[in-house]
Each structure stands twice: as C-alpha cells, then as structure tokens.
Amino acid sequence: MLKSEYLQRVYAQIVARDPDQKEFHQAVYEVLESLDLIVDKHPEYEENGIIESFVEPDRAITFRVPWIDDNGKVQVNRGYRVQYNSSIGPYKGGLRFHPSVNLSILKFLGFEQILKNSLTGLPIGGGKGGSDFDPKGKSNAEVMRFCQSFMTELSHHVGQFQDVPAGDIGVGAREIGYMFGQYRRITNRYEAGVLTGKGLAYGGSLARPQATGYGLCYFTQEMLKCMKNDSFEGKKVVVSGSGNVAVYAAEKAMSLGATVIAMCDSNGYIHDPNGINLDVVKDIKQVKRGRIKEYADLVPGSTYTGDCRGIWTIPCDIALPCATQNELDGESAAILIKNGVMAVGEGANMPSTPEAVKAFQDAGVLFAPAKAANAGGVATSALEMSQNSMRYSWTFEEVDAKLHQSMVNIFHNAYDASVECECPGNLVVGANVAGFLKVASAMLAQGVI
Ligand code: NDP
C-alpha cells in the first residue's frame, strides 16, 4: 500500500484511465512503491506534476501494417511505437514482434526503459514499440515484406535525433536489416544512427549481440562480489529462454566458471546436468530457428520436459530468467528458495512477478532487477550510436570493456541509492530511485512541456 497520498492519486488515475493495462499498472506500481520512500522530501514533484507526467507517454502511435504472404493473401497486423520520455535524450528502446504484443505490454516496457536508460548514465530517453506479428514459421520473404511495411509507417516517427529503435523479442539482426534497408530507401539518407543492433557490415557494433547477456553476468558478478564476497565460479546456473539474451548470458556465466544446467523456449525446457553445450543450442535456435527439444535428441544425458515453468524446479545456485515478463511467479520462487538459490539476475524485462520479488527479498536471496541488470543491451546500443556519429568502430575488446565498466557503475549507482533510501542492498528501490532522480531533475529544468 502506497503511503503518499500524491502517489496514491497518480496510481488511481492510471488505473482509471486504462483499466485493462495490467502489465503497465504492475510496472508503475513497483516504481511508485520505491518513490514512496523519497517523495516527501521533494514537494516540487507534486507542485510541478512531475510524476503525473512521468507515467504518461509523450505519445503512443498505433498503425496498420498490411503485407502479402507467400500465398498472395493480404495480412494485416497492428504496429505500435510508444514514445515515452525524451527529457534526457532521444527516445530509445526495442521493437518486439510477438502475438502477445499490445499497448499495455509496450507501455510497461517503455516506462521501464526510461529508468533503465537513465541508469546507464548515457543521454537516451525511453520508448518501446512492436507488433502482434509472429515471425515464427514465416518465410524470410514474408518477414522481409512485413518489416518493410512496418518501417514504411514507422519511418515518419523515428530518426537519429528523435527516436532510435533496436531489437527485442522476435526482432534480431535479420529484422533490423530489413527495416534499415527500407528506412534508407524511403528517406534516401544513410542515417546509421536511426536503428541499433545493425549488422557489422552496415554500422553495427561489435559485442552488441552479446551485450545484454554479458552485461547481466557482469552486473550479477559485481553484486555477488560486493554483497556476498562470492562469484560465478563453481556455481550451477539455470537460464530461462534460448534467445539473444539467454544464449549470451549462458556463454558469459560459463566463461566466469559456472555450469549452466538448464535452458528453455516457450514450449519446454532442457536439463543437462553435465553442462549445456551452447554450440548445439546456438545451432538449433540461431541457425536452424528450431525448437529447444531437439537438444535432447542430440546430446546424451540431457532431458526435455514440455513445460517451460518447470525449469524453476531444477535446483541451482543462480537463476537468470531471460525469456519474458512474469515467467517466474511466487510458487516458482518458493521452490527456488527451498532448493537453495543464492542469487537471481533478471535478463528479461520484469520476468519475476511482484510475489516472486518479495519472496526472494524476504529470504535474503540477492536480487538484481531487470532495469539495472539488463541495461547492458541499451548501453551498448548507445555505444553503437556513438560509433555511427564518429564514423569509427571500436574493437570487440574495447566495447566489451566499456560494457563491463557500465554494468559495474550501474550496480554501484543502484546500491548507493538503496543505502541512501535506508534499505541497503534493495536494488529494486535503488535502481528505481537512482534512475528517476536524474529524469525528474531534467523534467523540472525543462518546465511544463
Ligand atoms: P528472443 O526473441 O531472442 O528470445 C526470447 C526467448 O524467450 C526465446 O527462447 C523464446 O522462446 C522464449 N520465450 C518467449 N516467451 C516465452 C514464454 N512465455 N515462456 C518461456 N519462454 C519464452 O528475445 P530476447 O532474448 O531479445 O529478449 C528476451 C527478454 O529480454 C525480453 O523480456 C526482452 O524484453 C529482454 N531484453 C532484451 C534485450 C535485447 O538486447 N535483446 C535488452 C534488454 C532486455 P521461443 O523460441 O519459443 O519463442
């Protein structure tokens, strides 16, 4: 229950305005709970309507995306771009192509993105977009025609100084390439900084594909070191998902001395007590765009279970949820705790339900919240933008070193803020407060706009 009457009013207003946007309410409520600890010290927020403005996007654009399938039939999807807050830099945030995409999910993601981007210390605002298009099972030609149609409309709203999308679920290098090509054709401009996550041949950054997963492990490593004098060395790790974030989180956890024993996709999970062979996972998911269950046919000693939530019943020391929102609920958290989990690092956005987060915190499990722990992706996207502006490329090692330092800084910013809020080690509070203070001061300085 929020203590501040001001915050209670703000929350009641967003629920009344959009009663069916559950994911958005969940994300806002978690942030307001943290701001409840500081809002009394800042009467200027209420005087200037800062938090009312902060929870309302600058604009949310929806549009029709018609495209022609391989049978010559016209299909129509819905596209979105939520431009949330640009007070510290151009809107920045990924595009998600998944049948579940709706305005509630994109508002929650865009809202979280404002704080995440602020935490990186880089000049980037928050936004998010996508479509209910499902790339699964579509031919390359269908995906290309969809991306071209999507960008035909999106091109009116994006630009290197305006709004810079990237990938997310269902949007990888292939989709970014098709969208970049269409943007270049429509505008007749080579504006590399309009999208990030590009291929290396046309302005992408080395280490961008790895950045979110590697960054998650760098953050978790710093948290283990500073809060428990421990490390990944010798730990058993469960990573949910097998997409971009999951694969590179698993790769970095292994290189830091851990054994990754389970991964999943949206159909089920694989358990390999000897340690997952990541080359096999990459071949199945990245090259063949297949299903994770094929792993069990290829690797002796491993098993497949057709229920992805069951992945959290496998005993482990460190859990890295890297698939999607609300994939880890209170029941799963209780099982992980009973099995002795010591740390949870969120690679996906809001993968743990509020009940799960509370259970971890009450049990003294180290908890790295997504908006801090997975900020490495967007931090490296900002490095891609810098390289595009300079017309220069850094080496993999240079980008990786900057990423590592960013994640260490983000951990300490969040940790220090948690101490200032008198809840040392509560990184949920720390990340929310540290991210918000910077955005709020920029909003105050720029007046009522
Ligand atoms: P991908 O599309 O590459 O991978 C998503 C993975 O999650 C796939 O393995 C997918 O399985 C699985 N998945 C999707 N839905 C479910 C579900 N309901 N239950 C279990 N598994 C599921 O996406 P990313 O790796 O890019 O993104 C994963 C998460 O990380 C998202 O929350 C995203 O917002 C977040 N994130 C991503 C960043 C990035 O740089 N890419 C940056 C910061 C956050 P299947 O193959 O069956 O679809």
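Just follow the structure's listing: the first ligand is 1, and inside any ligand the first atom is 1.
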**Student:** For R309, is there an ion pair with E327 - N to carboxylate O distance below 4.0 angstrom?
**Tutor:** no
**Student:** Have a look at ligand 1 and work out which part of E327, if any, has a heavy atom under 4.0 Å from it: side chain, backbone, both or neither.
**Tutor:**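 Under 4.0 Å from ligand 1, E327 contributes no heavy atoms.
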**Student:** Pull out every atom of ligand 1 sitting under 4.0 Å from any heavy atom of C322, numbered as shown with elements.
**Tutor:**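 Result: 28 (C), 29 (C).
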**Student:** Nearest protein heavy atom to atom 45 (P) of ligand 1, by residue and atom, and its distance?
**Tutor:** S266 OG, 3.6 Å
**Student:** Which residue supplies the protein heavy atom nearest to atom 34 (O) of ligand 1, what is that atom called, and how far is it?
**Tutor:**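 So the nearest neighbour among protein heavy atoms is D168 OD1, 2.6 Å.
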**Student:** Answer with side chain, backbone, both or neither: which part of Q286 has a heavy atom less than 4.0 angstrom from an atom of ligand 1?
**Tutor:** neither
**Student:** So, are K225 and E222 salt-bridged, with charged N and O less than 4.0 Å apart?
**Tutor:** yes
**Student:** Using 4.0 Å as the upper bound for N to carboxylate O, is an ion pair formed by E251 and K282?
**Tutor:** yes
**Student:** When you measure from atom 18 (N) of ligand 1 to every protein heavy atom, which one gives the shortest distance, and what is it?
**Tutor:** T324 CG2, 3.5 Å
**Student:** Does the cation-pi check pass for K128 over F111, that is, NZ or CZ under 6.0 Å from the six-membered ring centre and within 45° of its axis?
**Tutor:**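 Here K128 fails the 6.0 Å and 45° test against F111.
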**Student:** Please identify which atoms of ligand 1 are closer than 4.0 Å to at least one heavy atom of G170.
**Tutor:** 2 (O)
**Student:** Distance under 4.0 Å to a non-hydrogen atom of R291: what atoms of ligand 1 satisfy this?
**Tutor:**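 Counting from 1, the qualifying ligand atoms are 45 (P), 46 (O), 47 (O).
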**Student:** Identify, for atom 39 (C) of ligand 1, the protein heavy atom at the shortest distance, and state residue, atom and that distance.
**Tutor:** T212 OG1, 3.4 Å
**Student:** For atom 3 (O) of ligand 1, find the nearest protein heavy atom and state the residue, atom name and distance (0.1 Å precision).
**Tutor:** N244 N, 2.9 Å
**Student:** Only heavy atoms of G347, strictly under 4.0 Å: list the atoms of ligand 1 that pass.
**Tutor:** 30 (O), 35 (C), 44 (C)
**Student:** Closest non-hydrogen protein atom to atom 37 (C) of ligand 1, residue and atom name please, with distance?
**Tutor:** V245 CG2, 3.4 Å
**Student:** Out of G197, A323, A373, whose heavy atom is nearest to atom 29 (C) of ligand 1?
**Tutor:** A323
**Student:** Go through the steps for W67 and F133 under the test ring pair (Phe, Tyr, Trp, His ring centres under 6.0 Å), then give the verdict.
**Tutor:** CA-CA 11 Å; W67 55 281; F133 173 75; 5.3 Å; yes
**Student:** Side chain, backbone, both or neither: which applies to Q325 and ligand 1 if a contact is any heavy-atom pair less than 4.0 Å apart?
**Tutor:**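 The answer is neither.
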**Student:** Should E294 and K288 count as an ion pair when the cut-off is N to O under 4.0 Å?
**Tutor:**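 Result for this pair is no, no salt bridge flagged.
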**Student:** In the protein, which heavy atom is nearest to atom 19 (N) of ligand 1, and how far is it?
**Tutor:**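 Checked against all protein heavy atoms, atom 19 (N) of ligand 1 sits closest to C308 SG, 3.6 Å.
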**Student:** For atom 27 (O) of ligand 1, what's the nearest protein heavy-atom neighbour? Residue, atom name and distance, please.
**Tutor:**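 Protein heavy atom with the smallest distance to atom 27 (O) of ligand 1: I169 CG1, 3.6 Å.
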**Student:** Does a side-chain N-to-carboxylate-O contact under 4.0 Å join D70 and K138?
**Tutor:**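 No salt bridge links D70 with K138.
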**Student:** For the residue pair C316 and L336, what are the closest heavy atoms and their distance?
**Tutor:** SG-CD2, 3.8 Å
**Student:** Ignoring hydrogens and geometry beyond distance, is a side-chain donor-acceptor pair present between Q21 and K107 at under 3.5 Å?
**Tutor:** yes
**Student:** Any chance the side chains of D58 and Y91 put a donor and an acceptor closer than 3.5 Å?
**Tutor:**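 The criterion, which ignores hydrogens and geometry beyond distance, is satisfied for Y91 and D58.
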